[in-house]
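Here is the structure we will look at.
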Protein chains: 2
Amino acid sequence: MAEQPAGPVLDDQVCFALYAASRAVTALYRPLLDDLGLTYPQYLVLLALWERDELTVKDLGRALQLDSGTLSPLLKRLEKLELVRRERRSDDERSVLVTLTAKGDDLRAKAVPLPGLVGDAMGLDGAGLDELRTTLRELTDSVNAYRAALPQ
Amino acid sequence: MAEQPAGPVLDDQVCFALYAASRAVTALYRPLLDDLGLTYPQYLVLLALWERDELTVKDLGRALQLDSGTLSPLLKRLEKLELVRRERRSDDERSVLVTLTAKGDDLRAKAVPLPGLVGDAMGLDGAGLDELRTTLRELTDSVNAYRAALPQ
DNA sequence: CATAACTGAGTTGTGCGCAATTTAATTTGG
DNA sequence: CCAAATTAAATTGCGCACAACTCAGTTATG
């Protein structure tokens with residue numbers, strides 16, 4: 001019998017592998033996004049807006065799984081960078097519509113090469129990436145369903 | 001031909017799937033760790049210490065891929081909770097040895113059920129978890145090698 | 001129509017992550 | 001042996017994440 005620590009082991013944990021992988025990928029994006037003057041979460045917000053201009057803070061929160069406590073200050077910074085505009089909806093003054101400025105729209109072209117570069121660095125072929133993305137999405141859905149079932 | 005946004009799409013990105021999965025798993029751990037009075041990164045530090053007491057800050061940084069800017073204040077909080085002790089090494093006063101207190105050691109027993117619970121919530125069987133962990137570790141290594149090759 | 005319930009943003013406070021800098025201790029080279 | 005280079009922690013500053021709370025606007029109900 002091998003020695004066996006009387007508890008969980010760091011390197012056995014899928015949760016740690018996820019945590020480490022996520023931070024490694026973000027760290028790879030960092031110098032690339034620096035050239036665009038963006039952080040990684042800001043880049044994700046712009047990804048959502050490039051896909052469809054005119055999203056409310058609530059829409060962005062649903063797409064990125066982030067709440068207003070994270071998004072409100074982040075969007076203020078993007079507004080200060082003149083990449084997005086924020087305005088209350090006239091038909092429902094509770095909602096804030098976020099739209100791209102011309103400057104924000106222009107940034108899209110500079111972002112096009114990023115996913116390819118990062119995909120290469122991951123050391124997986126197209127099929128491997130597809131499979132990993134599918135597995136991760138199923139895992140996320142499963143975990144979130146489990147979470148929703150737990151609390152009061 | 002379907003419409004195609006002239007740029008990267010959020011839901012196509014493996015990087016976003018990683019980011020979302022990592023946060024979902026951390027969020028599942030949160031209420032469980034609340035019962036132990038720990039945050040997720042604090043739990044990771046204790047995982048490393050349960051495996052082998054007596055690690056320097058540098059050792060912990062290597063194991064968790066975190067720098068002293070993150071670890072120093074985190075370890076101070078663990079010390080204030082009386083879960084770890086910190087002391088300079090007598091043979092090299094630059095290094096700080098982190099060791100478990102009895103209270104920190106006792107917490108291990110309460111942490112034993114956590115990985116099983118979280119594994120269940122992920123909706124993967126043992127083989128699926130093994131494969132995912134292997135894929136993620138290879139991805140992390142590949143990305144970090146790529147990063148090391150880039151800068152000055 | 002009044003008021004209670006709900007909804008969407010924003011604010012506050014805490015704890016990461018990480019770059020950049022500082023300080024002290026050790027090692028190396030001349 | 002001493003100055004320069006290296007190393008290990010700690011500190012500072014910024015931007016997330018997220019819980020808890022506030023506030024204004026909207027909807028539902030009696």
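Throughout, protein chains are lettered first and strands after them, A, B, ... in sequence-line order, and every chain is numbered starting at 1. What you are looking at is a predicted structure, and each value in this text was computed from that prediction instead of being measured. Keep in mind that the numbers below use all heavy atoms, side chains included, and drop hydrogens, waters and symmetry copies.
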* **Flag side-chain contact, heavy atom, 4.5 Å: A/L46 against A/V84** => yes
* Contact under 4.0 Å: B/R77 side-chain N or O vs C/dT14 OP1/OP2 -> no
* Rounded to the nearest Å, what distance is computed from the CG atom of residue B/L28 to the P atom of nucleotide D/dA19? -> 13 Å
* Do any side-chain nitrogens or oxygens of B/Y19 fall under 4.0 Å of OP1 or OP2 in D/dA17? -> yes
* What nucleotide among C/dG15, C/dC18, D/dA9 has an atom nearest to a side-chain atom of B/D67? -> C/dC18
* A/K58 side chain, from C-beta outward: closest of C/dA9, D/dG25, D/dA10 -> C/dA9
* Could you tell me whether A/L74 contacts a base, only the sugar-phosphate backbone, or nothing, with contacts defined as non-hydrogen atoms closer than 4.0 Å? => sugar-phosphate
* Please give, in whole Å, the distance from D/dC16 C1' to A/L78 CG? -> 12 Å
* To do: In whole angstrom, give the distance that lies between atom CG of B/L66 and atom P of D/dA10.
  => 14 Å
* Counting heavy atoms from C-beta on, name the nucleotide in D/dA17, C/dT26, D/dG15 closest to the side chain of A/T39. => D/dG15
* Asked: If two hydrophobic side chains count as joined below 4.5 Å and joins carry through other members, does A/L97 share a cluster with A/L71?
  -> no
* Give one of base, sugar-phosphate or nothing for B/T26, where a contact means two heavy atoms less than 4.0 Å apart. => nothing
* Taking only residues two or more places apart in sequence, or in another chain, which ones meet B/D92 in a side-chain hydrogen bond (donor to acceptor under 3.5 Å, both in side chains)? -> B/R94
* Asked: Of the candidate nucleotides C/dG8, D/dG15, C/dG10, which contains the atom at the shortest distance from the side chain of A/V96?
  -> C/dG10
* To do: Report yes if some heavy atom in the side chain of B/L132 is under 4.5 Å from a heavy atom in the side chain of A/L132; otherwise report no.
  => yes
* **Donor-acceptor contact present, side-chain A/R108 to main-chain A/W50, <3.5 Å** => yes
* Asked: Any side-chain heavy-atom pair from B/E54 and B/L100 closer than 4.5 angstrom?
  -> no
* Take the protein atom CG of A/L75 and the nucleotide atom C1' of D/dA17, then report the distance between them rounded to whole Å. => 14 Å
* Nucleotide of D/dA17, D/dT7, C/dA9 approaching A/T70 most closely (side-chain heavy atoms) -> D/dA17
* Asked: Any N or O donor-acceptor pair linking the side chain of B/S68 to the base of D/dA10 at under 3.5 Å?
  -> yes
* B/K76 NZ to C/dT14 C1', straight-line distance once rounded to whole Å -> 16 Å
* Closest to the B/Q42 side chain: C/dT26, C/dG15, D/dT26? -> C/dG15
* Asked: How about B/R133 and A/Q13: do any of their side-chain heavy atoms sit closer than 4.5 Å?
  -> no
* Output yes when at least one side-chain N/O atom of B/R23 is less than 4.0 Å from OP1 or OP2 of D/dA17, else no. => no
* Closer to the 5' end of DNA chain C via nearest nucleotide, is it B/S90 or A/G69? -> A/G69
* Whole angstrom is fine here: how far is it from CD in B/E87 over to P in D/dA9? => 13 Å
* **Nearest listed nucleotide, side chain of B/R94, among D/dT6, D/dA9, C/dG17** => D/dT6
* Asked: Within the structure shown, what part of the strands sits under 4.0 Å from A/R86 by heavy-atom distance: base, sugar-phosphate, or nothing?
  -> sugar-phosphate
* Are any of B/R88's side-chain N or O atoms less than 4.0 Å away from OP1 or OP2 of D/dA9? -> no
* **Which nucleotide in D/dC16, D/dA10, D/dT26 has an atom nearest any side-chain atom of A/D92** => D/dT26
* Asked: Nearest to the side chain of A/E93 - D/dG25, D/dT11, D/dA17?
  -> D/dG25
* Asked: Can you check the A/L38 CG to D/dC14 P distance for me, whole Å?
  -> 19 Å
* Over how many whole Å does the gap from A/D59 atom CG to C/dT7 atom P extend? -> 16 Å
* With the side chain of B/S95 defined as its heavy atoms from C-beta on, choose the nearest nucleotide among D/dA9, C/dT26, C/dT11. => D/dA9
